[in-house]
Amino acid sequence: MNNGQNISQELLAKANQELLPTQEKDRTLKTRDLLVLCSSMVINVVGLVIPAQVLLRGGYSPIEVLVACFFGFLLVTVLITLTGDIGTRYGVPFTIFIRDCLGKQGAKIGAICRAIVCLTWCGVILFLGTQAINAIIEIVTGVSMFWVIFITYASLQLFNASRNVDSMSKFGTLAVPILACGLVSLVAWLLQEHQISLPDIVTASPLEGTGFSFITVIAIFSGGWLSEALNGSDLTRKLKLPENSASSSFFARNKRTIFCFGLGFVGTGLLLTLAGLISAYLTKSDNPIGMLQIAFADNATILIISCIIIVFAQWTVNTCANIFPATLIMLSFFPKLTFAKATWLVGLISILMMPWLLLSYLDYVQMIFSAILAPILAIMLVHYYLIRKCHLNLENLYSDDIPNWRKPGITALVIGLVSGMIGYNFAFFIAFPITAIIYYLLAKKANI
């Protein structure tokens, strides 16, 4: 594998250490760790809200929503595997690679688009986690202390995230099995309480309403998780590699990431979506805390346990999927910051944005995010596979000689963003191909 030894000592001294190509000694993540991280990204309260909102808007049966979920997460799996090869082969993070596509200053536009998604979900999920803890406190003491809990809980989570990706993986190793068991138990309890079988719910008729087009529902399910596709190289650059992996084929080099991403995103996504559908169908609520309070109004013990599950779900996904990549982006803007300080800055900005005000419209938020992220993904993949043909010059990537703006990338990005916003109902499926074609033609003409 290519690593920091391919870069001159002068550039090594100037670059932020967190953004340098990963060397062999730094590749500490095992296959199990990557699988845990992927599952941690998916198991979260937003994953319960999205299928609930789609179902309650009407037009689709639970089985149809599950099919859309499968294709949505399959799309994410394919894209994150493709971007993950950048980290597997070269060990460079997203924030460095995107410089080669958009230029030094242009990369900041791509990074900001990525950061908006991270910061939005960070704030939303922190808010939902706090709601769950506050519900527990209210049951036990009869007193609501929401904002005191919010500040304390956010601080603890940011402290954990500031200890870097290995800390996140260790926490996820504990949390993910607990969450999986908790979700299965929650679903079983709901089915028993309502005396209804799982097949009865899955095959139930759609609720009244017009809903969205089917392709839009797929875009909704992929939506915010497309940000993890941008984050592919940030995850795989820490993965421990087998010998001779540098000379192996794409599939041989990435067979472990294909397994981890496939099971972590598709498998976990289907499980979480099913839990969200069952909860929404039986409670007619799209708020996870509201679902629990309705379902277990007469059983305080089960309600407390369920809220604890929500807290664990919030914590794992926020650290892995939102705080960590946003921290790397922050370091690219402020290279003199330490990883810990950048993490705390990410948390502060996310809270000041107050994105929880969007809580009732998260399915629409997902559509918008897919439109924002699709152009960046298209540019990255065309650049790596068709323009660079999977061969990167690390010295050039970290060099100050990269122009501030690469016009082909910026032009394609702007056109892609506009097309995605105009056709936001189809989001990804409009913005991605338009951006890919335009960027390829412009980049070849400019001979980048």
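The chain is numbered in sequence order, starting from 1.
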- Message: Using 30° and 60° as the class boundaries, would you call the ring planes of His383 and Tyr439 parallel, tilted or perpendicular?
- Response: tilted
Exam field: side chain [X] to backbone [Y], donor-acceptor pair closer than 3.5 Å:
X      : Y      : result
Arg114 : Ser227 : yes
Ser162 : Phe159 : yes
Tyr385 : Leu82  : yes
Arg406 : Gly103 : no
Ser350 : Gly123 : yes
Ser222 : Leu75  : no
Thr257 : Asn254 : yes
Ser419 : Gly416 : yes
Arg57  : Gly211 : no
Ser213 : Thr216 : yes

Any side-chain heavy atom of [X] within less than 4.5 Å of one from [Y]?
X      : Y      : value
Ile329 : Val346 : no
Phe221 : Thr273 : yes
Met145 : Val143 : yes
Phe73  : Val42  : yes
Leu392 : Arg89  : no
Pro21  : Tyr398 : yes
Ser279 : Leu190 : yes
Val418 : Ile422 : yes

- Task: Examine Lys284 relative to Tyr281 and say whether NZ or CZ is less than 6.0 Å from the centre of the six-membered ring and inside a 45° cone about the ring axis.
- Result: yes
How long is the span from the [atom1] atom in [X] to the [atom2] atom in [Y], to the nearest 0.5 Å?
X      : Y      : atom1 : atom2 : value
Thr95  : Leu230 : OG1   : CG    : 11.5 Å
Cys118 : Asn231 : SG    : CG    : 7.0 Å
Ile86  : Asp234 : CD1   : CG    : 10.0 Å
Ile402 : Lys104 : CD1   : NZ    : 7.5 Å
Thr130 : Ile125 : OG1   : CD1   : 11.5 Å
Gln366 : Gln53  : CD    : CD    : 9.5 Å

- Output, in order, the C-alpha distance, side-chain angles, deciding distance and verdict of side chain to side chain donor-acceptor pair (under 3.5 Å) for Asp85 and Tyr90. CA-CA 8 Å; Asp85 190 60; Tyr90 294 98; over 6 Å; no
- Message: For Arg388, is there an ion pair with Asp100 - N to carboxylate O distance below 4.0 angstrom?
- Response: yes
- Message: What I want to find out is whether Asp26 reaches Lys238 closely enough, with some N-O distance under 4.0 Å, to be called a salt bridge.
- Response: no
- Hey, mind stepping through Leu128 and Gln131 against side-chain contact (heavy atoms from CB on, under 4.5 Å) and telling me if it holds? CA-CA 5 Å; Leu128 289 171; Gln131 277 190 332; 3.4 Å; yes
Aromatic contact, [X] with [Y] (centres under 6.0 Å):
X      : Y      : value
Trp225 : Phe369 : no
Tyr153 : Phe146 : no
Trp356 : Phe150 : yes

Above 12 or not: heavy atoms from other molecules or residues under 6.0 Å from [atom1] of [X]?
X      : atom1 : result
Met354 : CE    : no
Phe250 : CZ    : yes
Tyr361 : OH    : no
Tyr440 : OH    : no
Lys341 : NZ    : no
Phe333 : CZ    : yes

- Between Val76 and Phe261, does a side-chain contact (heavy atoms from CB on, under 4.5 Å) hold up when you go through it step by step? CA-CA 9 Å; Val76 174; Phe261 293 146; over 6 Å; no
- Verdict with reasoning, Val202 to Leu274, per side-chain contact (heavy atoms from CB on, under 4.5 Å): CA-CA 8 Å; Val202 172; Leu274 183 60; 4.1 Å; yes
Any idea which heavy atoms bring [X] and [Y] closest together, and the distance?
X      : Y      : answer
Leu277 : Pro51  : CD2-O, 3.7 Å
Arg27  : Thr236 : NH1-O, 3.3 Å
Thr338 : Leu331 : O-CD2, 3.8 Å
Ala154 : Ile351 : CB-CD1, 4.2 Å
Ala371 : Leu417 : O-CD2, 4.1 Å
Pro355 : Leu119 : CG-O, 4.0 Å

- Worked verdict on Leu226 versus Leu79 for side-chain contact (heavy atoms from CB on, under 4.5 Å): CA-CA 8 Å; Leu226 288 174; Leu79 292 171; 3.6 Å; yes
- Item | Distance-only donor-acceptor check, side chains Arg253 and Thr88, under 3.5 Å | no
- Item | Test item: side-chain donor near acceptor, Asn134 and Ser144, under 3.5 Å | yes
- Task: Tell me, please, which residues at least two apart from Thr343 pass side-chain hydrogen bond (donor to acceptor under 3.5 Å, both in side chains).
- Result: Thr327
